Amino acid sequence: MTPETLAEKVLSATREAFEALGLDAAVLPVQTAVERPRDPKHGDYASNIALQTAKKAGTNPRALAEKITEILAATDGVAKVDIAGPGFLNISLDAAAAGEIAGKVVAAGDSYGTNNSMEGVYANLEFVSANPTGPIHAGGTRWAAMGDALARVMRASGAKLTSEYYVNDAGAQIDHFANSLLARAKGEPTPENGYVGAYIDEIAADVLKARPDALTAPEPIEVFRTVGLELMLNDIKQTLADFGTHFDVFFSEKGLHDRGEIDTAVQRLTDLGHVYEADGAVWLRTTEFGDDKDRVLKNSRGAWTYFASDCAYYLDKRERGFEKLVFMLGADHHGYVGRMQAISRAFGDEPGTMEILIGQFVNLLKNGEPIRLSKRAGNMITLNDVVEAVGVDAARYALTRYSADSMIDLDIDLWTKHGNENPVYYVQYAHSRTHGVLRTARDRGLQLGDGYDASLLDKPQESDLLKALAEFPAVVATAAELREPHRVARYAEELAGAWHRFQNSDSQIVQRVGEEPGPVNVARLWLTESSRIVLVNALGMLGVSAPERM
RNA sequence: GCCUCCGUAGCUCAGCUGGAUAGAGCACCGGACUUCUAAUCCGAUGGUCGCAGGUUCGAAUCCUGCCGGGGGCGCCA
């Protein structure tokens, strides 16, 4: 029995209890969940439904709990129900019911963990979106890992999701970039507001390689702008691909200008009555929608601002049909939340249509000290620096196992260790141990067969592992709903621990050499195979590899 | 000044859409390899959940204030 099924049974038992006691069933929640108590004395699962509903229904929790218990205890697969404390229900499953989960996992295979909590949600997830004027920095690296994991988790929960990278290929920053390239190509010093770093020299050289006439062309700056941008963007795309981060769409800001979408968007906002002129500029009245101050759409020199592009981009996404627009921004951009939300509201959308996630910074630590310098990019740490320091798997894992709200100090020494102090090794090693067992099983002729006797899995380490396996779909659903992929990483560590403990318990999984396999060996093989599947699926959602041998 | 994130074991952090005696890894101490990977496991030690109020049957979790630290507050992108 899965926790979800049990929760449904708890709810229906409660409904029956309400009826029997003549209480108003309107106070019952639509859904409830059971939790795994820390203390094994509290059974396999616990429910607080009596506590939550008794007061609203005008009765006392214990009396209600007793009635629920009476009904629930008669349910198939439920071994025992105890009332504890003020009215908790402590539920124990019989071993067979608990053991069913391994069969479900094996049957579901790769798809185990998918759920329908976000079924039908048509969402756009924008992340990284680093300016194509330089490599992706450490903060962007965090989003590359976390955004990609979130995309996977949301898709696994049924969302129809497009991952998107906004390319700021218009505006003054690109001019500075092109000027910097041109200057370096001519051997001149970097102009004011220009970009520095070895990568600028590299790209300048590559532009000259691609276009030997670049310096003698009618407008050299245009050659450097166009070719340089393309080279930089390709470099970023390649870096992301090597990192395992996939984007469905790279969306060009310049395209918004070229297609006249900015005029369209501003016209739309004007028609809605939110635009006015003052001090020679054109403004959007964002203060009407909770922003601190109004924002300029077109400056007094007659140029569209970046903010105007944002409006057009928002409208573009909405017209492509997305109902939920999620943005991941760095902490340095948190000041943009107010004006961004105002865009959504100004176009008349409901609160919640736009969702902005803010992620804190990342420091790369060596010997306890932050690293500030990058070989290629000068005064910033890049994605490639992080990967070079710890590898793709450790980098992705390290960047996804923490809440976006907390700052990350990524300690190179820790994340390159081969031991259980390094969480990524701990989880990957658990997975590779499942393969070790499966190899041995194969060698000795032990097979899963058509089924197994789930009631044989009754040791504490076995039932703990079963309960951990059963949790996965709910973890994925919660991670998707709360946009917190780190929950999957923490879960993977918990599962890996449960697996290691099972493996190290005195349970012989495979029969000894020369022995005939018994039904208990078969049952444990099912447990092993389902652990392998869930570890693979969990690591897969984080974009971390699952090696078969280490 | 305003906004925002953080403050939980010696360290790094989970837990926060209110639930039972607050958890994990590391570090420290003591154990377990004739065995499917010991890159593992078991046990012990370790806490006024920054401080003070409030909400309630119940607060690490929600609200208010304060303290300490990170970041942000342009007709820049």
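In the text below, chain A, chain B and the rest are named by the order of the sequence lines, each starting its count at 1. As the structure is a computational prediction, the values presented were derived from the model and not from experiment.
- Between the side chain of N90(A) and the base of rA20(B) there is at least one donor-acceptor pair of N/O atoms closer than 3.5 Å.
- Nucleic acid contact class of A84(A) (heavy atoms, under 4.0 Å, all strands): base.
- Judged by distance alone with a 3.5 Å cut-off, no donor-acceptor contact links the side chain of E421(A) to the base of rG25(B).
- Between F251(A) and Y166(A), the ring planes are tilted. Angles from 30° to 60° get that label.
- In this structure, T133(A) reaches neither bases nor backbone, as no heavy-atom distance under 4.0 Å exists between it and the strands shown.
- By the salt bridge (charged side-chain N to carboxylate O under 4.0 Å, His left out) test, R295(A) pairs with D291(A), sequence neighbours left out.
- Between R442(A) and rC36(B), a side-chain N or O to OP1/OP2 separation shorter than 4.0 Å is absent.
- One donor-acceptor pair, N or O on each side, does fall under 3.5 Å between the base of rC75(B) and the side chain of S300(A).
- Heavy atoms of H435(A) sit nowhere under 4.0 angstrom from any nucleic acid atom.
- Contact annotation: side chain of H334(A) to base of rG72(B), donor-acceptor pair absent below 3.5 Å.
- Defined by atom type and a distance below 3.5 Å, a donor-acceptor pair is present between the side-chain atoms of Y276(A) and D294(A).
- Nucleic acid contact class of R295(A) (heavy atoms, under 4.0 Å, all strands): none.
- Secondary-structure annotation of RNA chain B gives the stems B:1-7 with B:67-73, B:10-13 with B:23-26, B:29-32 with B:40-43, B:50-54 with B:62-66, with a stem taken as at least 3 successive Watson-Crick or G-U pairs whose two distances both fall under 3.5 Å.
- In this model, a side-chain donor or acceptor of Y336(A) finds a partner on the base of rC76(B) within 3.5 Å.
- A glycosidic torsion no more than 90° from 0 defines the syn conformation; rC66(B) lies beyond that range and is anti.
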